[in-house]
There are 2 protein chains.
Amino acid sequence: MPVTDRPYHHGNLRTALLAEAERTVRERGVQELSLRELARQVGVSHGAPRRHFPDRQALLDALAEAGFARLGAELRIAIDGAGEEFEARLHATAAAYVRFATRDAALLELMFASKHGKQSGALHEAADRAFSVMLELIEQGQAEGILDHGEPERVGLVLFATIQGIAALVSSGMVDAEQLDELVADATAHFVRGSHAAA
Amino acid sequence: MPVTDRPYHHGNLRTALLAEAERTVRERGVQELSLRELARQVGVSHGAPRRHFPDRQALLDALAEAGFARLGAELRIAIDGAGEEFEARLHATAAAYVRFATRDAALLELMFASKHGKQSGALHEAADRAFSVMLELIEQGQAEGILDHGEPERVGLVLFATIQGIAALVSSGMVDAEQLDELVADATAHFVRGSHAAA
DNA sequence: CACCATTGTTGCCATAGTCTACATTGTTGC
DNA sequence: GCAACAATGTAGACTATGGCAACAATGGTG
């Protein structure tokens, strides 16, 4: 037998594939992601990934799900490290989101792709968990009387849309990275002003 | 010679390819767009498109450029048909943008893709022309004292980000089409409130 | 220890994108 | 007119990919 240091069974191929795939997506985009090249990089044959991901889309779905988990974790860290004050928390959360979006633009695009047909159950749950951070934030703002009352989901959508839009503008190159912080500050301030219990 | 009703030269292959490509993108997404299938649908050999688009990305760039032109035209029509009042114009423009975004989600994604390396000159010009509608809108709002003064670009970015974010939310399926109108109305109202010359 | 599910491997096929050589048509200068 | 040349289309080759099926190795379980 050839002197392969690798055993027949990889041990945790699925995890290795996801890690390598995430790296490739970040560095070269989704289009460049190839199942076969992935297999080569990890050191298995081209058919091996099929045991863990029936087809390419299944891998992309798994990547998106993992992306939501990481996004949620980063948002949680940001909000927890921003003290108790609402506006500081709001700004920290928005900044963390945009940071994720610029660092992993291709991954975010994947997460928002509408291609997730079928068993998107797990994916939706992951997304909901990630966005629960924002919902709690909205509820805090309402409790403190800084934000208008109403369904948190409805208020949150406008906020979320704005942040997501900023991320899109930056990662598409329509806005320079230098204007980023300024834009985030503008948008959050704008949001608070527009939400302040009017009337 | 075989009885081909088509002459050797197509006449306007480039236009035909773009039209068919746009249809395919709308109906089946960017991933499904194949140069060879496109050639078959139009009735030319698989090598013919190469004369007009050096590679696949060139076709996508051209699609994006055409998309900006059409988006600009639709925004212009919307704003011109909304009377003179600022808020009506604002709402009409936002609605038109979101309508475009939902009808041609894949095309919009293409337009915002960061892949447009190199000669993106023509593309950027097309984008600027499309967004000039929004800039004029901002300027009107400022002239009428409804919006805060300041660089129109800066104010406009927040508005544009919000609208773009709404479009992303809807076309990703995170927001139902039914909530769409409500969300657009919320967002535009929110924007005006937040921009109203504070202090 | 025999049986079976899991996980990898290898080979095959259809299709895609890209490149090169060649064919046809349109145009332009003489 | 027409000869040279540019523009446009065709045909074939090459490589790579995704997906499938048959087979091999491993690990767990009765």
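In what follows, chains carry the letters A, B, and so on, assigned in the order in which the sequence lines appear, proteins first and then strands, with residues in each chain numbered from 1. Below, each value reflects all heavy atoms present in this structure, side chains not excepted, and no hydrogens, waters or symmetry copies.
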Check your understanding: With no hydrogens and no angle check, do the side chains of B:E136 and B:Q140 hold a donor and an acceptor under 3.5 Å apart?
Key -> no
If you measure from the Lys or Arg side-chain nitrogens to the Asp or Glu carboxylate oxygens, is any gap between [X] and [Y] under 4.0 Å?
{"X": "B:R70", "Y": "B:D104", "value": "yes"}
{"X": "A:R103", "Y": "A:E74", "value": "yes"}
{"X": "A:R40", "Y": "A:E20", "value": "no"}
{"X": "B:E27", "Y": "B:R23", "value": "yes"}
{"X": "A:D148", "Y": "B:R193", "value": "yes"}

What does the list of N/O pairs under 3.5 Å between the protein and nucleotides 11-16 of chain D look like, with a distance for each?
from	atom 1	to	atom 2	distance (Å)
D:dG12	O6	B:H46	NE2	2.8

Round to a whole Å and report the spacing from [atom1] of [X] to [atom2] of [N].
{"X": "A:Q41", "N": "D:dT17", "atom1": "CD", "atom2": "P", "value": "10 Å"}
{"X": "B:E37", "N": "C:dG17", "atom1": "CD", "atom2": "C1'", "value": "14 Å"}
{"X": "B:Q31", "N": "C:dG17", "atom1": "CD", "atom2": "C1'", "value": "15 Å"}
{"X": "A:L60", "N": "D:dT17", "atom1": "CG", "atom2": "C1'", "value": "14 Å"}
{"X": "B:R51", "N": "C:dC19", "atom1": "CZ", "atom2": "C1'", "value": "11 Å"}
{"X": "B:Q57", "N": "C:dT18", "atom1": "CD", "atom2": "C1'", "value": "15 Å"}
{"X": "A:R56", "N": "D:dC20", "atom1": "CZ", "atom2": "P", "value": "15 Å"}
{"X": "A:L17", "N": "C:dT7", "atom1": "CG", "atom2": "P", "value": "13 Å"}

**Study point:** In one Ile/Leu/Val/Met/Phe/Trp/Tyr side-chain cluster, 4.5 Å: A:L180, B:F112
**Key:** yes
Exercise for review: In sequence, state the C-alpha distance, the side-chain angles, and the governing distance for B:E109 and A:E109, and then conclude on side chain to side chain contact (heavy atoms under 4.5 Å, CB included).
Suggested key: CA-CA 9 Å; B:E109 178 189 343; A:E109 178 189 344; 3.4 Å; yes
Exercise for review: Could you check whether A:L38 gets within reach of a base, just the sugar-phosphate, or nothing at all, counting any heavy atom under 4.0 Å?
Suggested key: nothing
Practice item. For DNA chain C, list all stems, counting runs of three or more consecutive pairs where every pair is Watson-Crick or G-U wobble with both distances under 3.5 Å. Key: C:1-30 with D:1-30
Exercise for review: Could you walk me through whether B:F86 and B:L147 pass side chain to side chain contact (heavy atoms under 4.5 Å, CB included), step by step?
Suggested key: CA-CA 10 Å; B:F86 172 73; B:L147 297 188; 3.9 Å; yes
Exercise for review: Check whether any side-chain N or O of A:R50 sits under 4.0 Å from OP1 or OP2 of D:dC20, and answer yes or no.
Suggested key: yes
